[in-house]
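Order of listing sets the numbers, starting from 1, for every ligand and every atom in it. No experiment lies behind these values; they were computed from the predicted model shown.
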Amino acid sequence: MDLEVLNGLLTPKSVAVVGASATQGKIGHTVVKNLVDSNFAGGVFPINPGEDEILGFKCYKSVLDVDQPIDAAILTVPAKFVPGVVEECGKKGIKGLLIITSGFSEVGLVDLEKDLVKTANSYGMRILGPNIVGILSNSDNFNGSFAPFLPFNGSASLVTQSGALLIGIDAATTMKGIGFDKLISVGNMADVNFADLIEWLDQDKNTSVITLHVEGFREGRRVIDVSRKASKPIIALKAGVSAHGAAAAASHTGSLAGSEKIYQSAFVQAGIIQAEDLDNLFDRTLVLSLQPPLKGDNILIITNGGGVGVLATDAAEKYGIPLKFAPEDVQNDLKKYMPEFGSAKNPVDLTGMAGNEWYHDSVKSSYEHPWVHGMVVLYCETAMTDPLGIAKSIKAAVTESGIKDKPVTVSFIGGERSAAAIRWLVENGVPAYSAPDVALNAMAALWEYELIREDINNVPFEVKNVDRKAAYKVIEGARKEGREALTEIEAKRIFEAYDLPVTKSRIATTEDEALKLAKEIGFPIVMKILSPDILHKSDAGGVKVDINSEDEVRQNFNEILKNVKAYKPDAEILGIVIQEMAPWGTEVILGSVNDSTFGPTAMFGLGGIFVEVLKDVTFKVAPFSLKQAKAMIKEIKAAPILEGVRGEKPKDTDMLAETICKYANMIVDLKDEVAESDANPVLLYEKGNGLKVADARIILKKK
Ligand code: COA
């Protein structure tokens, strides 16, 4: 990444506004006014051929007339003028363009947009947009947008694909007290995209959390790569989850919103924490920007009300950090700060009598205990207590402890006094919320961050014994015949080339050959007709199973031919497949797609009804580690079946995980050739007995 160019675009020291206007209400006027109102200290150069001065700044006919260097240009001219302006900006030596103008790929003018990028890049310029609101940055006093004002100041930075949402969030930050340094609108992402911005924000000293609102990535794999390397928490809200939403997102940004399940896996692989909705994005951004990660899952809840304690306990379990009873010494200490009828277990109920002192002392003593990894402090407003006083007591206890690596979240349930106390806590670095489950969800985000970081550094599983030449020979053969769909035999040959355990299959064209192959493979065998004209082999009497002797081979060879001729007299018969008959096992399925966003992606699930009706499958962007393949096996709902239920022995999930990795390696290696593939069924046996791919399918990319 060329940092200097992106610095010029994202933190310009001087800007031109091309299409600046003296007319109030026009975007070109608002942008200049916003630069003034945000106290931007750099140079501002309005460009408009019909004006001499705008808002006190000298106005120029063209950027080429400005005799000082300009880092970035904000374009607010109608679309038809944009190409000419881009050319002039290039000649001027400008580094970055913020193209606010709409009317490009989002309305189908893809080529026009591509040409803009080509021109800009040929001058070494980068483009943000087109179709954006702009950039807002507190640390640079820079409102280079038509959003009303700089956001509430803080250390998160937001990148969003929706301009309208950016404007809404901008206003909401002040009301919610959630601080952002930068708000960046990416629009159509013709050039600069999420991957560039994640990389850049990771090194931006004013950003501590990267918050994303995503409709669809452009360079999905690069997003995964740069996010994995990022040293800061990244949190994303993915829009377009519903089928209808995905269609709306695609037309909105001109980008393809990939399958939701693939996105979810990609986020996990990238180490990106997810938010469920906009409120959750705010709540989690707040906690990630104010608190350290949770280093263990011993959470202590302190409350003045048993009821909210129960709600919080339920929430803890729901969000993956179930409560444990506090150790005896912690409990004994806590008993000093509550009446007889309180509870020092977990949740700790100080009772409704708890005032400033009990809150302070109980929080301080338990927070300092090594067993406690994180604390959630809850308070219900009472007539005898002052919420602000309680808030200050909690903050004082945390500060006095001198501990900086243990997170605390807070929930105050009450009216206006509690709202003011929440506000005070947030302003003083303690994430506080109005509902107890939100405080727990926030704590869970810190735990997810810890876990997700542990997982992402896995090195992909190394596959040995790959015969790439053999695989390409099969592909070339099919290409010569103009076929994209490979036969089962061809697909299995490719699978074998990648060391996948397939049931052996060979083609016999004569009875003698059938006999020879059957002996080579070993009884029992299956015999199947091979004909491009017979799709449903069983219906045609073209499949015979459990063949155990030479006599049966001869007999079935002739019977199959007879049946098929009777079924379809003009069918072209290429031969009869002689196949190893694998013992039946638990059916699982492996599949692959070449996803438009993330490239080769593997799917795993249980076969049969589980995949057809329940769609109980999971995805991972390939390649991945053995650990991640094992996680895939555990991710599906039917996972317990593989671990052995009702007295059944556990299945060979170790070999299954290795096979998934080999399969993932195959689809990455053949990504330029293979559009999709599957292994269905894969027969999985008891631990120690491995598995067999009984049927395989590969569809080549159209060339
Ligand atoms: N160089 C400099 N200024 C130029 C110019 C050029 N080559 N060509 C035109 N201008 C001036 C115009 O004269 C005008 O100034 P004026 O008010 O003094 O006449 C100014 O640029 C703006 O042009 P105008 O024709 O008045 O357009 P507009 O302000 O109505 O609309 C856009 C321009 C860019 C705002 C509009 O085309 C647009 O794209 N709107 C949508 C933006 C948006 O919502 N983006 C984000 C979505 S999330």
Side-chain angles (χ1 to χ4, degrees), residues 15-35 44-66 70 72-92 94 97-109 112-113 116 119-120 127-136 143-148 158-171 183-194 213-216 239 248-255:
V15 280
V17 181
V18 187
S21 172
T23 309
Q24 267 190 36
K26 283 200 181 187
I27 289 185
H29 180 84
T30 306
V31 171
V32 180
K33 186 168 182 306
N34 278 345
L35 288 167
V44 176
F45 306 100
I47 312 293
N48 181 323
E51 300 286 348
D52 295 328
E53 180 243 284
I54 291 175
L55 291 166
F57 295 102
K58 181 179 173 193
C59 197
Y60 298 81
K61 292 196 173 7
S62 155
V63 284
L64 294 169
D65 298 335
V66 180
I70 304 173
I74 305 174
L75 274 58
T76 61
V77 289
K80 63 178 179 214
F81 299 123
V82 170
V85 171
V86 170
E87 191 77 48
E88 285 187 356
C89 289
K91 287 188 181 136
K92 171 68 187 159
I94 287 172
L97 303 176
L98 288 80
I99 306 184
I100 288 180
T101 313
S102 304
F104 295 91
S105 68
E106 83 281 9
V107 294
L109 299 177
L112 182 64
E113 191 172 284
L116 293 184
T119 310
I127 290 179
L128 188 69
N131 192 24
I132 59 166
V133 166
I135 296 177
L136 300 94
N143 183 359
S145 81
F146 62 91
L158 170 85
V159 182
T160 171
Q161 246 169 310
S162 159
L165 195 68
L166 181 145
I167 298 175
I169 287 176
D170 184 22
L183 303 181
I184 301 173
S185 162
V186 282
N188 295 357
M189 297 192 291
D191 182 14
V192 170
N193 60 31
F194 279 104
H213 159 257
V214 181
E215 286 174 358
S251 55
H252 180 193
T253 59
S255 75

Trainee: Give a yes or no on whether the backbone of C59 and the side-chain of E51 come within a donor-acceptor separation of less than 3.5 Å.
Mentor: no

Trainee: Taking salt bridge (charged side-chain N to carboxylate O under 4.0 Å, His left out) as the definition, give me every residue that meets it alongside K26, ordered by chain and number, with sequence neighbours left out.
Mentor: none

Trainee: L136 vs N34, test: side-chain contact (heavy atoms from CB on, under 4.5 Å). Steps then yes/no.
Mentor: CA-CA 10 Å; L136 300 94; N34 278 345; over 6 Å; no

Trainee: Is the shortest N/O to N/O distance between K26 and ligand 1 below 3.5 Å?
Mentor: yes

Trainee: Kindly identify the option in I99, T160, T23, N48 whose heavy atom sits closest to atom 16 (P) of ligand 1.
Mentor: N48

Trainee: Less than 4.0 Å between atom 30 (O) of ligand 1 and some protein heavy atom, yes or no?
Mentor: no

Trainee: Which residue owns the protein heavy atom closest to atom 39 (O) of ligand 1, what's the atom, and how far is it?
Mentor: S102 N, 2.8 Å

Trainee: Is it the side chain (CB and beyond), the backbone, both or neither of I132 that lies under 4.0 Å from ligand 1, heavy atoms counted?
Mentor: backbone

Trainee: Is there at least one pair of N or O atoms, one from T76 and one from ligand 1, spaced under 3.5 Å apart?
Mentor: no

Trainee: Answer yes if a protein heavy atom lies under 4.0 Å from atom 25 (O) of ligand 1, otherwise answer no.
Mentor: yes

Trainee: Is the backbone N or O of Q161 less than 3.5 Å from a side-chain atom of E215, with the two atoms forming a donor-acceptor pair by type?
Mentor: no

Trainee: Enumerate donor-acceptor pairs with a distance under 3.5 Å from any side-chain N or O in residues 75-91 to protein atoms, sequence neighbours excluded.
Mentor:
unit_1 : atom_1 : unit_2 : atom_2 : d
T76    : OG1    : V18    : O      : 3.3
T76    : OG1    : G19    : O      : 3.0
E87    : OE2    : Y123   : OH     : 2.5
E88    : OE1    : S62    : OG     : 3.0

Trainee: Are there protein heavy-atom neighbours of atom 12 (C) of ligand 1 below 4.0 Å?
Mentor: no

Trainee: Among all protein non-hydrogen atoms, which one is nearest to atom 10 (N) of ligand 1, and what is the separation to 0.1 Å?
Mentor: V77 CG1, 3.8 Å

Trainee: Just which atoms of ligand 1 are under 4.0 Å from any heavy atom in I100?
Mentor: 42 (C), 43 (C), 45 (N), 46 (C)

Trainee: Among all protein heavy atoms, pick out the one at the shortest distance from atom 21 (O) of ligand 1; state its residue, atom name and that distance to 0.1 Å.
Mentor: G19 CA, 3.3 Å

Trainee: With a 4.5 Å heavy-atom cut-off, do T160 and V133 have their side chains touching?
Mentor: no

Trainee: Looking only at protein heavy atoms, identify the closest one to atom 7 (N) of ligand 1 and say how far it is in Å.
Mentor: V85 CG2, 4.0 Å

Trainee: What residue and atom, counting heavy atoms only, is the protein's closest point to atom 17 (O) of ligand 1, and at what distance?
Mentor: S21 OG, 2.6 Å

Trainee: Mark up the atoms of ligand 1 that fall under 4.0 Å of a heavy atom belonging to F81, in ascending order.
Mentor: 8 (N), 9 (C)

Trainee: Heavy-atom contacts with G163 under 4.0 Å: which atoms of ligand 1 show up? List them by number with element.
Mentor: 48 (S)

Trainee: For F194 and V159: C-alpha separation, side-chain torsions, deciding distance, then whether side-chain contact (heavy atoms from CB on, under 4.5 Å) applies.
Mentor: CA-CA 8 Å; F194 279 104; V159 182; 3.6 Å; yes

Trainee: Just to confirm, does any protein heavy atom lie below 4.0 Å from atom 47 (C) of ligand 1?
Mentor: yes

Trainee: Which atoms of ligand 1 are found less than 4.0 Å from any heavy atom of I27?
Mentor: 35 (C), 42 (C)

Trainee: Is it true that A22 lies under 4.0 Å from ligand 1, counting heavy atoms only?
Mentor: no

Trainee: Under 4.5 Å between any side-chain heavy atoms of T101 and P130, yes or no?
Mentor: no

Trainee: So is P78 in contact with ligand 1, going by heavy-atom distances below 4.0 Å?
Mentor: yes

Trainee: Say you draw a straight line from CD1 of I54 to CG of D52; how long is it, rounded to the nearest 0.5 Å?
Mentor: 9.5 Å

Trainee: Would you name the heavy atoms of T23 and H29 that are closest together and state the gap between them?
Mentor: O-CB, 3.1 Å

Trainee: Start with the C-alpha distance between N193 and V186, add both sets of side-chain angles, then the distance that settles side-chain contact (heavy atoms from CB on, under 4.5 Å), and finish with yes or no.
Mentor: CA-CA 7 Å; N193 60 31; V186 282; over 6 Å; no

Trainee: Under a 4.0 Å heavy-atom limit, does F146 contact ligand 1 with its side chain, its backbone, both, or neither?
Mentor: side chain

Trainee: Show the nearest heavy-atom pair for residues N48 and S21, with the distance to one decimal.
Mentor: ND2-CA, 4.1 Å

